[in-house]
Amino acid sequence: MLQIDLTGRRAFVAGVADDAGFGFAIAKALAEAGATVCAGTWPPALNIFLNLLERGKMDESRRLRSGQLLSFEKIYALDAAYDTYEQIPEEIRVSKRYKDVGDCSVEGVAQRFVSDFGERPLDIVVHSLANGPEVKKPLLETSRAGYLTAVSVSAYSLISMVSRFGPIMREGGAFMSLTYMAGERVIPGYGGGMSSAKAALEGDTRTLAFEAGRRFGVRINTISAGPWASRAASAIGIIERMMDYVAKNSPLTSPLDPSDVGNVAAFLCSPLAGGITGTTVYVDKGYHAMGMGVEAVAEPR
Ligand SMILES: NC(=O)c1ccc[n+]([C@@H]2O[C@H](COP(=O)([O-])OP(=O)(O)OC[C@H]3O[C@@H](n4cnc5c(N)ncnc54)[C@H](O)[C@@H]3O)[C@@H](O)[C@H]2O)c1
């Protein structure tokens, strides 16, 4: 049987802080396929995440088909807004959530992987993080600082990760990220420069696939996922309505489940997808194919 087999591979999933988002679903799918999974968690969310894990609050969602619980080999504090320790402002370094986590920059985490597991510790790196402080504001009303933060944390962070993790990946390594259709079509309400960040992320996926493919021999793809009420998406304020609209107007009307995204991510990171790089793959029940809302013209059938 043809199988997604990631046995013996190590993955780093950056952007996991609970069991509700795509990062968690991807981590679970990678583990189902046999990979060892490490997580990267934003320092402000780290303690809550560790507490949820310790207190068994996520045991049900951690359950794998084998009956075992998904366990993270290591959980690293990661703030993808910073490439190096020197870039972390002093007031952040000494603040409550950061003072005990050490170097949580992208470079710092890459170095920790090497000191924890050796020179080439990774096969898979997943970028499942985004932050747009002004996401509720229309682009027209977004401040320069809000826009640049959205693009820095949600898009440049992928470039930073590929440049620092690319050299420590084993042969056949794969990067993956998550994008949203707002990068290519207008999604009213998805503001604050987040649409710009997703457009950058998709363009960069192509350019990085070429550059890092030649330099490190790695593949880079992004999944354009349909709307899902994760913690981050709930900050948009209209996520339930977005999900409802998409379910009513997509070719497939069954609701999207994060495991749909997790399974495709596991495939894209596996040797079965060895010929796929630089691509945006839609996991959205086909919504991207539509040009008009169903209810405007016909009774859904
Ligand atoms: N939920 C959706 O509707 C949807 C649709 C398409 C794409 N996406 C994308 O999926 C990815 C994962 O988001 P999600 O919706 O699963 O929500 P989520 O809340 O599970 O994940 C976002 C994560 O980013 C982390 N984060 C924020 N700022 C960070 C920083 N500076 N450094 C490190 N981590 C940081 C948060 O702590 C959180 O864990 C994002 O790129 C998001 O844009 C989401």
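Atoms within each ligand, like the ligands themselves, are counted from 1 in listed order. Here the structure is a predicted model, which means the values were calculated and not measured.
Counting heavy atoms only, Trp42 comes closest to atom 29 (C) of ligand 1 of the residues Phe22, Tyr180, Trp42, Phe24.
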Ignoring hydrogens and angles, write down the donor-acceptor pairs under 3.5 Å from the side chains of residues 132-140, residues two or more places apart or on other chains.
unit_1: Glu134; atom_1: OE1; unit_2: Ser143; atom_2: N; d: 2.9
unit_1: Glu134; atom_1: OE1; unit_2: Ser143; atom_2: OG; d: 3.4
unit_1: Glu134; atom_1: OE2; unit_2: Ser143; atom_2: OG; d: 2.6

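The cationic group of Arg219 does not satisfy the cation-pi geometry with Phe175, failing either the under 6.0 Å distance to the six-membered ring centre or the 45° limit from the ring axis. Arg93 forms a cation-pi arrangement with Tyr85, by the criterion of a distance under 6.0 Å to the ring centre and an angle within 45° of the ring axis.
Contacts between Thr179 and ligand 1 below 4.0 angstrom, taking non-hydrogen atoms only, involve the backbone exclusively. For Leu129, heavy-atom contacts with ligand 1 shorter than 4.0 Å involve the backbone as well as the side chain.
Leu268 is listed as a side-chain neighbour of Met176, based on a closest heavy-atom distance under 4.5 Å. The side-chain heavy atoms of Tyr156 and Asp83, taken from C-beta on, include a pair separated by under 4.5 Å. Looking only at side-chain heavy atoms (C-beta outward), Thr277 and Phe210 stay at 4.5 Å or farther from each other. Between Met242 and Ile187, some side-chain heavy-atom pair lies under the 4.5 Å cut-off.
Per-residue contacts place Gly21 under 4.0 angstrom from the following atoms of ligand 1 (heavy atoms of the residue considered): 16 (O), 20 (O). Set against the non-hydrogen atoms of Pro227, the atoms of ligand 1 under 4.0 Å away are 3 (O). The Gly226 neighbourhood of ligand 1 comprises atoms 3 (O), 5 (C), with distances under 4.0 Å to a heavy atom of that residue. Close contacts of ligand 1 with Ala17, meaning ligand atoms under 4.0 Å from a residue heavy atom, involve 39 (O). Near Ala233, meaning under 4.0 Å from any of its heavy atoms, are these atoms of ligand 1: 1 (N), 2 (C), 3 (O).
Between Val153 and ligand 1, no pair of N/O atoms sits closer than 3.5 Å.
Ala130 O, 3.5 Å is the protein heavy atom nearest to atom 27 (C) of ligand 1. From the protein, the heavy atom lying nearest to atom 13 (O) of ligand 1 is Ser128 O, 4.3 Å. Scanning the protein for heavy atoms near atom 1 (N) of ligand 1, the closest one is Trp228 O, 2.8 Å. Protein heavy atom at the shortest distance from atom 14 (P) of ligand 1 is Ser230 OG, 3.3 Å. Protein heavy atom closest to atom 32 (N) of ligand 1, with residue, atom name and distance, is Ala80 N, 2.8 Å. The closest protein non-hydrogen atom to atom 9 (C) of ligand 1 is Leu178 CB, 3.6 Å. Of the protein's heavy atoms, Asp79 OD1, 2.9 Å lies nearest to atom 31 (N) of ligand 1. Here the protein heavy atom with the shortest distance to atom 33 (C) of ligand 1 is Leu78 O, 3.3 Å.
Legend: residues meeting ring pair (Phe, Tyr, Trp, His ring centres under 6.0 Å) with Tyr76, ordered by chain and number and at least two apart, are Phe113.
Ionic pairing of Asp123 and Arg170 is present here: one or more N-O contacts between side-chain nitrogen and carboxylate oxygen are shorter than 4.0 angstrom. Ion pairing between a basic and an acidic side chain is recognised when a charged N comes within 4.0 Å of a carboxylate O; Asp260 and Lys285 show such pairing. Taking 4.0 Å as the cut-off between side-chain N and carboxylate O, Asp244 and Lys248 count as a salt-bridged pair.
Judged by the shortest distance from any of its heavy atoms, Met194 lies outside the 4.0 Å radius around the atoms of ligand 1.
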